[in-house]
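Structure, as structure tokens:
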Amino acid sequence: MRRVLSGLIAAVFVAAMVIGGGEAFASKGTIKIGSVYIFSGFAATYGQFAKQGLELAVDEINKSGGVLGKKLEVYFEDSHAKPPIALRAIRKLVYEKGVDFLIGLDSSGVAKGVVPYLKELKVPLLITHAATPDVTGSQCNKYTFRVSVNINQNVMAAARIAAKTKAVKWTTIGPDYAFGHQSWEYFQKYLSKLNPRAKFMKTVAFPKIATEDYSPYITAIMAAKPDGVFISLWSGDLVNFIKQANKMGFFNQGYTVLMSLGAATEVLYALRDQMPTGVWVGTRYWFLANNSPVNKHFVEAYKARYGVYPSYNAQNAYAAVYALKAAIEKAGTTDRMAVIKALEGLKVEVPAGDIYIRPGDHQAVLNVTWGSTAEDPKYPIRILKPMVIFKGEEVTPPVWETGCKLQ
Amino acid sequence: MEDKVILSIENLSKAFGKFYAIKKVSLQVSKGEITALIGPNGAGKTTFYNVVTGKYKPTSGRILFMGREITNLPAHKIARLGLGRSFQITNIFLENTVEENILAALVSYHRKGLSLFKGMNRYKDLLEEAHSILEMLGLKDKAQETAKNLAYGDKRLVEIGIAMAVHPKMIMLDEPTAGMTPEETERMVSMIQTLFQETGITFFLTEHDMKVVFSIAHRIFVLHQGSLLAQGTPEEIRNNPKVKEAYLGGSLDA
Amino acid sequence: MKGMAKIGVLVLTIAFLFLFPQFAGAFPVLFLTEIIIFSLFAMSFNLLFGYTGLLSFGHAAFFGLGGYAMALLAQHYHISMIPSLFISMVVAGASAAIIGFFCIRRDEIYFAMLTLGFGMMVFTLVHQWRSLTGGSDGITGFEVPVLDLMVKKFQLFSPWSFYYFALVVCLIFTLFLWMVIHSPFGLILRSMRENAERVSFIGIDIKFYRWIAFIIAGLVAGVAGGLFAMYDRMASPSMVHWTMSAKPVLMTILGGSRVFFGPVLGALIFYLLEHTITQYTQSWMIFLGAILIPIVIFFPEGVLGTLISWGKRFMKGAGHGG
Amino acid sequence: MLEVREIHTYYGDSHVLQGVSFEVNKGEVVCLLGRNGAGKTTTMRSVMGVVPPREGKITFLGEETTGLPPYRMVKKGMAYVPEDRRVFPDLTVEENLEVAYIAARREGRWNVEVILELFPMLNRLRNRKAGHLSGGEQQLMVIARALMANPAMLILDEPCEGLAPIIVEELEGVIMEIRQEVTILLAEQNAPFALRVSHRGYVIEKGRIKFHGTTKELMENQEIQSRYLAL
Amino acid sequence: METLLINILNGLCYGMLLFIISLGLTIIFGVMGVLNFAHGSFYMLGAYLGLWLALHLHSFWLALLVAPLLVGALGAISEIALLRPLYNRDVSFQLLLTFGVLLILDDAVKLIWGAGYHSIDAPKGLSGTVHLLGSTYPVYRLFIAIIGPVIAVVLWFFFHKTAWGKMIRAAAMDREMASAIGINVPLLFTAVFFFGTLLAGMAGVLAAPLRAVGPAMGDNIIIAAFIVVVVGGLGSFVGAFAGAIVLGLVEALGVQFVPHLQMALPYMLLALVLLVRPRGLFGSE
């Protein structure tokens with residue numbers, strides 16, 4: 001009797017699912033974009049920003065006639081910051097929604113998990129946040145592109161700034177996962193080339209993601225008395241850290257402090273005047289770094305619609321849509337293979353400036369902004385003053401160094 | 001004389017904190033007899049059971065079963081040696097069927113517990129044995145019922161059945177007739193007597209119904225506030241003034 | 001009569017599962033693959049929870065270790081599918097033997113907390129041993145092993161071929177669990193769930209039996225994990241995290257822990273709920289919670305268990321009426 | 001004062017009380033006799049509301065109280081001494097009494113000081129944790145605790161269980177003393193004791209009342225005694 | 001050496017925050033036998049409400065007063081509406097139900113306040129630093145480290161010297177008997193749940209100046225709180241205090257001495273304690 005019932009129920013449910021799931025590959029009059037970001041958990045804010053940037057771009061494009069006369073349509077899925085769930089989301093988008101292109105990915109771990117699978121799906125993906133060098137390096141493939149700044153570029157810029165300071169003894173605080181460790185590895189590699197005198201300390205701090213209490217780490221670093229501290233914490237962890245470090249006098253010790261993602265607006269908004277001044281912060285896009293009309297338009301439109309200055313994740317998603325638009329128009333078709341061809345070597349202007357997608361590894365070459373935090377009564381948050389802009393070519397390692405072999 | 005003794009208790013004590021539930025009890029149970037342990041509630045009978053069968057570790061003293069020391073053995077090892085028990089509070093597998101209750105004990109006795117792939121229903125010999133036990137208990141018709149749906153008296157019988165199914169050399173019943181109606185009590189008493197005659201197992205029981213005790217026990221121990229107050233044949237106990245006056249409050253003759 | 005009906009429905013269900021890909025698209029097939037794998041995972045958990053009375057909160061450890069074993073083999077050794085899956089099972093079983101050795105010494109909430117503790121230690125190991133496991137990134141980018149059936153070799157790239165493979169493996173292990181539960185060993189387990197103390201008084205070493213059950217549950221979870229790693233083409237630390245351990249708990253209680261196929265229905269409900277809700281909103285958790293709560297309140301034996309009880313009561317009522 | 005009409009009480013599926021009826025008048029001590037498992041405790045628990053009956057009606061002080069939770073019964077003037085004593089083991093004797101006094105909030109003759117005077121033994125033990133008392137001391141304390149509610153009626157479930165004869169004697173004295181002021185419903189297996197302190201008695205068997213009468217009638221009825229009371 | 005002392009102080013401070021959270025959890029378990037999975041979410045709600053109220057009432061102290069009350073009220077409502085039907089069911093159902101509450105609260109907070117991070121400064125007077133052991137130390141951290149023991153002492157008095165406290169202890173020991181001496185147990189349970197979630201909310205407000213207030217902050221703390229409560233002994237008041245200090249110190253000193261094992265340390269502590277002392281440090285057998 002039990003199995004009778006369970007069997008019946010199972011059959012009914014599955015049947016319902018099949019019937020309900022039959023809408024795939026419907027209208028051909030639109031260009032479908034599947035988009036996967038983190039919408040839940042500790043980093044949910046990144047999904048929210050990306051979604052806002054993406055929707056802004058899509059609305060603008062659709063209002064002005066679409067791409068090749070077709071409207072853009074976006075489907076969002078939550079990656080939960082977990083690779084298996086992101087993969088399921090992508091499968092759902094491709095197989096069920098029948099999307100033509102993919103845009104997204106926040107977490108490097110997620111990116112590394114799903115990128116190899118694109119070879120099976122044969123759908124191009126434009127990564128807008130995940131910064132691991134591997135997806136345009138050792139793991140690179142025909143379908144994977146990145147329109148945003150990666151770890152190498154960001155850290156190379158950091159190393160150039162670090163090389164100009166007097167600091168010799170360096171240490172780090174970074175999240176205890178691949179991103180934190182890799183950032184530190186690259187920082188050592190680049191800085192030791194630029195400044196052979198630089199020393200890297202044994203005392204380093206890698207607190208786990210979502211650490212509640214940073215005080216022991218702060219104490220440990222302060223006790224080690226470094227000259228410079230390279231910080232790769234990000235999102236809520238960075239906010240947590242800065243609040244606790246502030247109170248413990250960490251920023252009054254005369255260290256040179258570099259935060260590779262300190263200029264993220266969500267962090268600056270969360271901290272407002274609790275963000276210390278005179279700290280070197282990097283970002284993947286800074287809304288004041290570019291005076292071009294494209295950027296001005298974007299910042300104004302975004303501020304008008306969402307009430308805050310755009311974060312890097314919003315710009316990156318916005319830029320990805322415009323890059324895709326440019327590629328489709330260049331190809332003159334929405335055929336995936338043709339668009340991939342068009343993306344390779346594409347030059348397009350986005351709010352962050354001109355970007356160039358290298359055919360060799362599919363990594364975008366674009367300007368990288370760093371700056372020192374300062375107060376400005378015109379803005380509710382800290383801004384960058386002085387600001388240092390590195391040309392894309394200066395901070396992007398050559399293709400042969402990335403380990404990417406695209407056939 | 002020595003090999004007639006199946007269970008030998010030497011100076012057994014059990015304390016909970018400062019309170020001694022059992023104080024220096026020594027007694028010997030003879031093979032092939034029905035022995036009863038009596039005493040008022042709180043005299044330490046259940047504690048005595050729990051210590052002897054391995055649920056509690058004794059504070060001091062020794063327990064020998066069939067000449068072998070079992071003082072600190074875990075419960076399952078003691079059971080394996082052939083000392084079975086039933087419980088005062090019905091303590092059976094309520095969500096399983098009656099048949100499964102007995103089968104579990106048979107599986108244990110025949111050491112089939114680690115058989116992982118052969119279906120239970122393919123052990124014809126075990127099923128047959130279970131049926132014969134249920135038949136003996138008069139529960140054959142209820143073999144497929146879920147145990148929790150049985151009447152109280154039947155549950156108590158299942159309790160005895162589980163204890164019997166492990167082929168014990170000696171069985172310790174804790175108040176087998178507790179809470180039973182007179183009819184059920186009679187049924188239980190005759191069941192115990194039949195089982196005793198057919199199997200020759202040594203029976204040890206506690207009981208508050210004096211009529212039952214005096215009608216079936218060959219030998220009686222009286223426990224009072226944790227100590228052994230008296231021992232002897234039913235006749236001796238009945239006439240023991242110490243027992244009569246200090247503890248039974250005269251109701252023996254009623 | 002009743003037995004015949006049971007077998008009939010079982011045959012129909014299996015037939016349906018085998019025919020499903022013939023008329024379904026890639027996504028439903030992938031979706032069902034995941035449900036099938038998680039059903040097996042949940043059933044392996046339920047051997048401990050529903051049949052032995054032990055609530056494990058670290059079962060993902062074995063799921064994850066099976067997955068990592070599979071991924072490492074695929075990455076470095078390129079041996080074929082069945083031996084790989086077998087090794088995953090053994091690795092998970094061996095770890096279950098070690099971890100179980102400690103955990104079975106406690107029961108109830110303490111058992112749950114111990115399994116949580118050991119499970120998270122495994123998580124830390126996997127997360128920190130970057131040279132072997134790839135740390136937080138996990139192991140990715142390997143190829144699915146070939147299924148070598150002596151007579152013919154199969155590539156399992158397509159969602160359809162992998163579905164069939166997963167289905168057959170899960171059916172085999174479902175049968176395995178079914179046999180275990182209906183064996184004398186299973187009877188002892190169920191008796192222990194009812195009354196562990198009484199079982200020790202019939203001469204059973206309950207710790208030892210719990211240990212064996214723990215190992216079996218670990219073995220099967222390892223198989224499910226191995227399949228899942230192949231399905232996802234990756235092994236990542238999230239497979240080992242306690243949130244993954246919470247999934248079979250949720251599915252089993254949802255479906256009904258006292259019914260063999262309860263966890264299966266639970267997995268199905270869980271995935272369908274999640275799938276349906278995420279169609280409409282990004283805030284799917286709020287709806288999942290809002291649906292979960294009434295299910296918990298109104299289905300005291302889980303959905304399948306309660307439906308069966310209602311069915312029985314209904315039949316009984318009808319019987320009395322007639 | 002208390003009227004119980006045809007109550008049926010179940011534990012899960014098992015039908016324990018199968019239509020029990022009796023009454024207790026003001027100022028009386030009524031005992032409920034029967035064997036272990038006959039349904040005495042269930043009757044007590046039904047009256048107190050611990051296990052509400054599924055059918056039947058209970059009236060206390062002229063009001064229907066069927067199905068009221070125990071704490072409401074206390075407020076109405078019923079106090080309960082359960083069979084297994086149930087002290088709050090980590091509270092001291094004084095705290096046990098105090099908690100009961102505060103919880104019930106009923107004015108009357110009894111309060112902590114008065115009670116401790118009545119029970120000199122408890123007075124000596126007032127700062128000892130209740131879990132560390134002997135069985136007899138606990139029994140006295142629990143009766144004292146029940147009195148803290150200043151009840152109109154007291155339910156005593158097997159107060160003699162497991163007590164030494166000397167304590168039983170003391171208990172008898174206590175009951176004789178308080179029965180001047182409180183109506184008592186008493187369940188006992190120790191029939192001689194019960195018959196000594198009660199005015200009337202009921203005999204319960206298999207969840208049904210089999211006999212009732214005055215103490216004298218019960219004492220004289222040999223058949224009842226041997227059939228139901230195992231004397 | 002000074003680093004060690006500072007780290008001990010860090011550990012105590014974190015431990016005291018954990019203590020306030022765990023206290024609610026352990027009281028709820030001790031009295032009601034419910035393991036409240038949503039406890040961390042009530043903590044999170046406390047932080048959000050505290051932040052929001054502090055912003056609108058312009059007073060951290062007022063927020064510290066009001067926000068926990070609101071959290072407690074929500075706790076009480078969920079106890080009455082959701083938990084009451086489940087008291088006589090298996091514990092696993094309560095776990096599942098409170099898990100459902102967790103899911104709802106986590107998303108609700110995001111719908112109301114957005115997914116971003118928020119931050120609030122410590123109240124005036126506590127926002128500075130003091131010189132201590134050769135380095136500067138934030139006053140607010142010292143304040144947390146002190147408020148923990150203060151709450152412990154106040155609660156000890158509450159439980160041992162007040163009528164309500166004694167009644168709660170009585171009900172924890174024997175629910176049925178408590179009812180039978182006239183304690184309104186359902187009401188008391190609601191009160192206990194109110195109070196337990198109030199403590200969680202209070203911990204949330206207290207934590208707000210220390211950390212980023214953002215989604216999922218409750219999920220991070222709930223496992224730590226479970227560990228504290230189990231290590232200390234389920235339902236034990238003293239145990240929660242001891243467990244919180246031990247876990248706080250283990251985390252802080254682990255960073256200094258065995259940074260690689262940091263992530264596993266709490267779980268190793270948990271397993272070790274349970275294997276050596278089956279019922280936790282202060283649990284009764």
Say you draw a straight line from CE of Met167(E) to CD of Glu98(D); how long is it, rounded to the nearest 0.5 Å?
10.0 Å
Taking side chain as C-beta onward, heavy atoms only, is Ile183(E) less than 4.5 Å from Val99(D)?
yes
Evaluate whether atom CZ of Arg105(D) has more than 12 neighbouring non-hydrogen atoms of other residues, nucleotides or ligands under 6.0 angstrom away.
no
Would you say the side chain of Leu187(E) lies within less than 4.5 Å of the side chain of Tyr71(D), judging by non-hydrogen atoms?
no
Pick one of side chain, backbone, both or neither for Arg72(D), based on which atoms fall under 4.5 Å of a heavy atom in chain E.
neither
Closest non-hydrogen atom pair between Lys75(D) and Gly182(E), with its separation
NZ-O, 3.4 Å
Would one find more than 12 heavy atoms of other residues, nucleotides or ligands at under 6.0 Å from atom OH of Tyr87(E)?
yes
Would the number of heavy atoms belonging to other residues, nucleotides or ligands and lying under 6.0 Å from NZ of Lys206(D) be above 12?
no
Determine whether Arg169(E) and Phe88(D) make a side-chain contact, defined as any pair of heavy atoms from C-beta on separated by less than 4.5 Å.
no
How many angstroms lie between CG in Asp174(E) and CG in Asp90(D), if you round to the nearest 0.5 Å?
12.0 Å
What part of Ala100(D) gets within 4.5 angstrom of chain E, counting heavy atoms only: side chain, backbone, both, or neither?
both
Of the non-hydrogen atoms in Arg86(D) and Met177(E), which two are nearest, and what is the gap between them?
O-CG, 3.4 Å
At a heavy-atom separation under 4.5 Å, does Ala79(D) approach chain E through its side chain, its backbone, both, or neither?
neither
Can you find a pair of side-chain heavy atoms, one from Met173(E) and one from Leu91(D), that are under 4.5 Å apart?
yes
Answer yes or no: are there more than 12 heavy-atom neighbours, outside His199(D) itself, under 6.0 Å from its atom NE2?
yes
Does any backbone or side-chain atom of Met48(D) lie under 4.5 Å from a heavy atom of chain E? Answer side chain, backbone, both or neither.
side chain
